Amino acid sequence: MSGGGCSIVWFRRDLRIEDNPALTAAVRAGAVVAVFIWAPEEEGHYYPGRVSRWWLKQSLAHLDSSLRSLGTFLLTKRSTNTISALLDVFKATGASHLFFNHLYDPLSLIRDHRVKEVLSAQGIRVRSYNADLLYEPWDVKDANGNPFTTFAGFWERCLSMPCDPEAPLLPPKRIVSGDASRCLCDTLVFEDESEKGSNALLARAWSPGWSNADKALTTFINGPLLEYSKNRRKADSATTSFLSPHLHFGEVSVRKVFHLVRMKQVLWANEGNKAGEESVNLFLKSIGLREYSRYMSFNHPYSHERPLLGHLKFFPWVVDEGYFKAWRQGRTGYPLVDAGMRELWATGWLHDRIRVVVSSFFVKVLQLPWRWGMKYFWDTLLDADLESDALGWQYISGTLPDSREFDRIDNPQLEGYKFDPNGEYVRRWLPELSRLPTEWIHHPWNAPESVLQAAGIELGSNYPLPIVGLDAAKARLEEALSEMWQQEAASRAAIENGTEEGLGDSSESIPIAFPQDIAMDEEDIEPARVNAHTVRCYEDQMVPSMTSSVRLEDESSLNIQSTAEDGRAEVPTNANLPQEPARDAVNPRAMPTAPTQTRLPYTAGIALRTSVEDSTAESSSSSDVRRERDGGVVPVWSPPSSSYTEQFVVDENGIGTSSSFLQGHQQTHQIINWRRLSQTG
DNA sequence: TAGCGGTTGGG
DNA sequence: CCAACCGCT
């Protein structure tokens, strides 16, 4: 090791140079080697999907070029083991410090803890920071010092914390590069040949990379934000922020988003602009939900795999791959659902409202295991995000204390009237219905035969009849729910009697397998019919074993006449996606972001910090808050040790994949007891 | 007109 | 579950 030693900055989902505390701290400490390690095997079942990998590739290239302009570069490593890759880099560079920013998904919590242990034991100084959240999860507690179990309380607390979220840090002006000459830079492969064609289309609609994220933020805040409240429920209004993929990869910091939005809030409040204020509050709430997803993941580290309310594990899921396939293909017979699923497949994007529609349909009408749906989202969404998606699906599935009740079925037809009143969204994504009058566009099954004929539609042939009737779904749901409660009661009784382990524990080792062979035989486009006897499975489902679904390319051949022509559904030119020209049209002076800028023009006096230390000085009065911010300590966090195991191979370093990280730790995962909650709350 | 049931939104 | 809202009595 060379004396003194430089610092390693370990980039993960913080692919930005602005407001990046780990980077800033490392730069202050001296010479820096920036590293990104691609070890997707460690993600287990949650190997990123095609579009997500495409984004990551672009974003890393963008970061690398930014780092180069500052005097260094991004060292990329391909590994199956993050810790040993890090150790290699330390050996080759003689570095003495490691800096990184916190993540809160279960795998990262465990892995990062190990990193600290292992590297510290080697005499390496390890520092980690909050860069992903307004407040660290362990800082947000209720009056009794306990974590919140509902969003409203959580968010209220966040907005009334004694200290505002940290102000964003400026990018470094220059980086002294550490000596990485003895490191081999691996070429990372994020797409295979068969994926390149599809991916090429993405670049038309999206521009990954931190400075583009910054532009997208500015564009949104100076434009659609004002009308966010009014427009947010239109399926294809281009009025959402489109920031989610940027946020997922940490290309823009939520703290910056928060502060910029708050400026608008102050401005509009002074002007008495009610609509603007409402919009800001709604938008901030969606930021809050992202925040809350990390909070939940931290406090309930299995929330991506298990329902938070224990009773749901007794729900008898309908295990029907035909349903699942029809849903994925957008052939359920409900136009709004189908349009959404086609859009998702074609573009990797869905408006938030439509996500709720399709996932709610999935869980309530089809009664498929929610984690299948979540996994499909993971594989197809451009902004796939484990914590956010887990929260979303749990909300839909009625397994959060404050989520919707399970027994309420949303009617896709009525939702169609609301979110797509003119049927434009449906027509865009379901060309086979494009000639159907608006009156019938959300319920073609009611349309007179003559109307259908004129529109060239033959139900059951070129567009399906509803895969399940809503009345039937409702009846089936009620039945299933009563069974669920019976099972739950039986299990509780068994536990109280001490006669049995309880169904819950044993059931968890009997997974509902995720459909292994998800490949679609293209001939078989006929959606599943309602089965006379639906196959039900009473166990909670396990993590889908669909890693091979990295490519679901087979699905692209929906084999529907209208889309078959061009094979894979393209991103339509008129699709609801941000276009580059629109972004560039934004007044560039409105929100300068150049590194030379030292302060944001913020009337309320929030200034950009120029370094971590500045902020220490600013807020030194509240030592408590400071400590955690730059705390080298990832807080004590103990994952469960229950028999919930998947047989992953543990490699020689004792670091396996996925849940093997979680083994051998003390149990703390709380399954919330619904009854207790209802009684106290 | 106050009050009722049904519906919807909400995280 | 709960609050807001709507149409109706």
Side-chain angles (χ1 to χ4, degrees), chain A residues 133-134 137 140 142 147-159 228-235 240-241 244 247 254 274 278-300 303-304 307-309 311-312 336 350-365 370 373-374 377 383 385-421 442 470-471 474 477-478 481 484-485 672-681:
Chain A
L133 296 174
L134 300 177
V140 185
D142 68 15
F148 289 96
T149 52
T150 58
F151 173 72
F154 166 80
W155 189 228
E156 200 182 326
R157 179 77 187 125
C158 284
L159 292 177
Y228 184 78
S229 164
K230 199 202 302 172
N231 289 328
R232 85 206 134 100
R233 47 189 56 251
K234 292 288 172 287
T240 54
S241 70
S244 53
L247 281 168
V254 278
K274 290 302 251 183
E278 197 193 339
S279 287
V280 164
N281 287 334
L282 277 166
F283 179 70
L284 284 182
K285 192 168 80 176
S286 67
I287 296 292
L289 285 167
R290 175 187 178 280
E291 197 91 353
Y292 191 54
S293 73
R294 271 72 181 153
Y295 186 77
M296 292 301 268
S297 176
F298 178 79
N299 287 306
H300 305 278
S303 61
H304 65 301
L308 225 63
L309 294 179
H311 63 255
L312 201 79
L336 188 64
L350 268 190
H351 188 287
D352 176 61
R353 283 287 101 199
I354 305 303
R355 294 183 197 207
V356 172
V357 169
V358 300
S359 54
S360 167
F361 184 85
F362 185 94
V363 172
K364 307 290 182 68
V365 178
W370 62 276
M374 188 179 119
F377 270 25
D383 57 8
D385 182 283
L386 200 53
E387 296 95 310
S388 291
D389 291 345
L391 183 69
W393 282 88
Q394 294 237 18
Y395 168 64
I396 293 301
S397 302
T399 63
L400 300 171
D402 50 355
S403 61
R404 249 193 242 191
E405 294 92 12
F406 206 131
D407 58 359
R408 203 154 106 195
I409 293 189
D410 293 310
N411 185 330
Q413 177 185 340
L414 301 180
E415 289 177 314
Y417 300 155
K418 273 182 296 188
F419 304 141
D420 184 30
H442 292 300
L470 287 190
D471 289 342
K474 185 137 201 155
L477 186 60
E478 274 163 19
L481 282 170
M484 176 183 84
W485 289 116
I672 295 173
N673 184 319
W674 171 252
R675 288 163 202 286
R676 197 179 313 150
L677 269 176
S678 333
Q679 281 158 17
T680 57

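A, B, ... follow the sequence lines: proteins, then strands. Residue 1 opens every chain. Everything numeric here is computed off the predicted structure, so don't read it as measured data.
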**Report entry** side-chain N/O A:Lys418 vs B:dG9 OP1/OP2, d < 4.0 Å
**Finding:**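 Answer is yes, contact under 4.0 Å.
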
Requested in this report: Go through A:Trp393 and A:Val363 one step at a time and tell me if the side-chain contact (heavy atoms from CB on, under 4.5 Å) criterion holds.
Outcome: CA-CA 9 Å; A:Trp393 282 88; A:Val363 172; 3.8 Å; yes

Query raised in the report: Under the side-chain hydrogen bond (donor to acceptor under 3.5 Å, both in side chains) test, which residues partner A:Ser241, sequence neighbours left out?
Result: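 A:Ser241: no side-chain hydrogen bond (donor to acceptor under 3.5 Å, both in side chains) contacts found.
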
Integer-rounded Å distance: [N] [atom2] and [X] [atom1]:
| X | N | atom1 | atom2 | answer |
| --- | --- | --- | --- | --- |
| A:Phe148 | B:dG11 | CZ | P | 16 Å |
| A:Leu284 | B:dG11 | CG | C1' | 15 Å |
| A:Asn411 | B:dG6 | CG | P | 18 Å |
| A:Lys285 | B:dG10 | NZ | C1' | 6 Å |
| A:Lys474 | B:dT7 | NZ | C1' | 11 Å |
| A:Phe154 | B:dG11 | CZ | P | 14 Å |

Query raised in the report: So what does A:Gly288 touch, heavy atoms closer than 4.0 Å: a base, only the sugar-phosphate, or nothing?
Result: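 No contact at all - A:Gly288 keeps every heavy atom at 4.0 Å or more from the nucleic acid.
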
Query raised in the report: For A:Phe151, which contact category applies under a 4.0 Å heavy-atom criterion: base, sugar-phosphate, or nothing?
Result: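 Since only primed, P, OP1 and OP2 atoms lie under 4.0 Å of A:Phe151, the category is sugar-phosphate.
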
Detail all sub-3.5 Å separations between protein N/O atoms and N/O atoms belonging to nucleotides 5-7 of chain C.
none

Report task. Report the distance from atom OG of A:Ser359 to atom NZ of A:Lys364, rounding to the nearest 0.5 Å. Result ->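 Between atom OG of A:Ser359 and atom NZ of A:Lys364 there are 9.0 Å.
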
Query - Nearest-0.5 Å distance that lies between atom CZ in A:Arg355 and atom OG in A:Ser360 - result: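 If we round to the nearest 0.5 Å, A:Arg355:CZ and A:Ser360:OG are 15.0 Å apart.
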
Requested in this report: Classify the angle between the aromatic ring planes of A:Phe154 and A:Tyr292 as parallel (below 30°), tilted (30 to 60°) or perpendicular (above 60°).
Outcome: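 It falls in the tilted class, 30° to 60°.
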
Query raised in the report: Is the closest basic N to carboxylate O distance between A:Asp410 and A:Arg404 below 4.0 Å?
Result: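 Judged by the 4.0 Å cut-off on N to carboxylate O distance, A:Asp410 and A:Arg404 do form a salt bridge.
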
